[in-house]
Amino acid sequence: MKETYTSHFKRNNFFEDVYAVVALIPKGRVTSYGAIANYLGSKLSARMVGWAMNAAHTQKHIAAHRVVNSKGLLTGKHHFKTPTAMQQALEREGVKVAKDKVVDFEKKFWNPSQELL
DNA sequence: CCCCTGACGACGC
DNA sequence: AGCGTCGCCAGGG
């Protein structure tokens, strides 16, 4: 059987799951859309995580700034209130950003599949 | 129902 | 190191 979220779970649960994982990201650490997708269900495309985050910013308080793409780039910055809001939020937590990219991404990276056993 | 558009990611050049 | 392409799944026109 397919393992997509739409066939087995309701869309709402998908959002909740994404938010739950994001809420568990330690302060000062970051993760990627793909890592979350992989943790929730390997078959799920990482695009869906970004899609969930897009819906998130209108709803509750979600630490969306701690989620970047697989290369550590702040691709979601344009969806924040200001173009620099995401970077500033990260730097307040001790995550340095240069050229829209997380510095020492490998060190800051938090993998839910590995650390959230 | 077809086509386009993504807060993505892996590859190829 | 930068682009372009393609696969991915859901939503909107």
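Lettering of chains follows the sequences in order, A, B, ..., and the numbering in each one begins at 1. Quick note: numbers below take in every heavy atom, side chains included, and nothing from hydrogens, waters or symmetry partners. Only a predicted model underlies this, so the values are computations on that prediction, with no experimental measurement involved.
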Exercise for review: Name the nucleic acid region contacted by Ala64(A), choosing base, sugar-phosphate or nothing; use a 4.0 angstrom heavy-atom cut-off, strictly under.
Suggested key: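 Touches a base.
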
Review point. Heavy atoms under 4.0 Å, any strand shown: does His78(A) hit a base, just sugar-phosphate, or nothing?
Key: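 If one applies the 4.0 Å heavy-atom cut-off, His78(A) turns out to touch nothing in the nucleic acid.
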
Point to revise | Beyond-backbone contact of Val67(A) with Ile25(A), side-chain heavy atoms, under 4.5 angstrom | key: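 Val67(A) vs Ile25(A): side chains touch.
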
Without decimals, in angstroms, what is the distance between [X] [atom1] and [N] [atom2]?
X: Lys71(A); N: dC11(B); atom1: NZ; atom2: P; value: 10 Å
X: Leu73(A); N: dC3(C); atom1: CG; atom2: P; value: 12 Å
X: Asn54(A); N: dG6(B); atom1: CG; atom2: P; value: 11 Å
X: His79(A); N: dA7(B); atom1: NE2; atom2: P; value: 4 Å
X: Trp51(A); N: dC4(B); atom1: CH2; atom2: P; value: 21 Å
X: Met48(A); N: dG9(B); atom1: CE; atom2: C1'; value: 13 Å
X: Tyr33(A); N: dC8(C); atom1: OH; atom2: C1'; value: 17 Å
X: Phe14(A); N: dC9(C); atom1: CZ; atom2: C1'; value: 9 Å

Point to revise | Separation between CD1 of Ile36(A) and CH2 of Trp110(A), rounded to the nearest 0.5 Å | key: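 It comes to 8.0 Å.
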
Practice item. Any chance you could measure Glu115(A), atom CD, to Arg29(A), atom CZ, to the nearest 0.5 Å? Key: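 Spacing of CD (Glu115(A)) from CZ (Arg29(A)) equals 5.0 Å.
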
Point to revise | Partner nucleotide of dA7(B) by Watson-Crick or wobble geometry (both distances under 3.5 Å) | key: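 The answer is none; no pair meets the criterion.
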
Check your understanding: Using a cut-off of less than 4.0 Å, is there contact between a side-chain N or O of Ser45(A) and OP1 or OP2 of dG9(B)?
Key ->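 Answer is no, no contact under 4.0 Å.
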
Practice item. Might you point out which heavy atoms bring Ser113(A) and Ala35(A) nearest each other, and give the distance in Å? Key: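 Here Ser113(A) and Ala35(A) meet closest at OG-O, 4.2 Å.
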
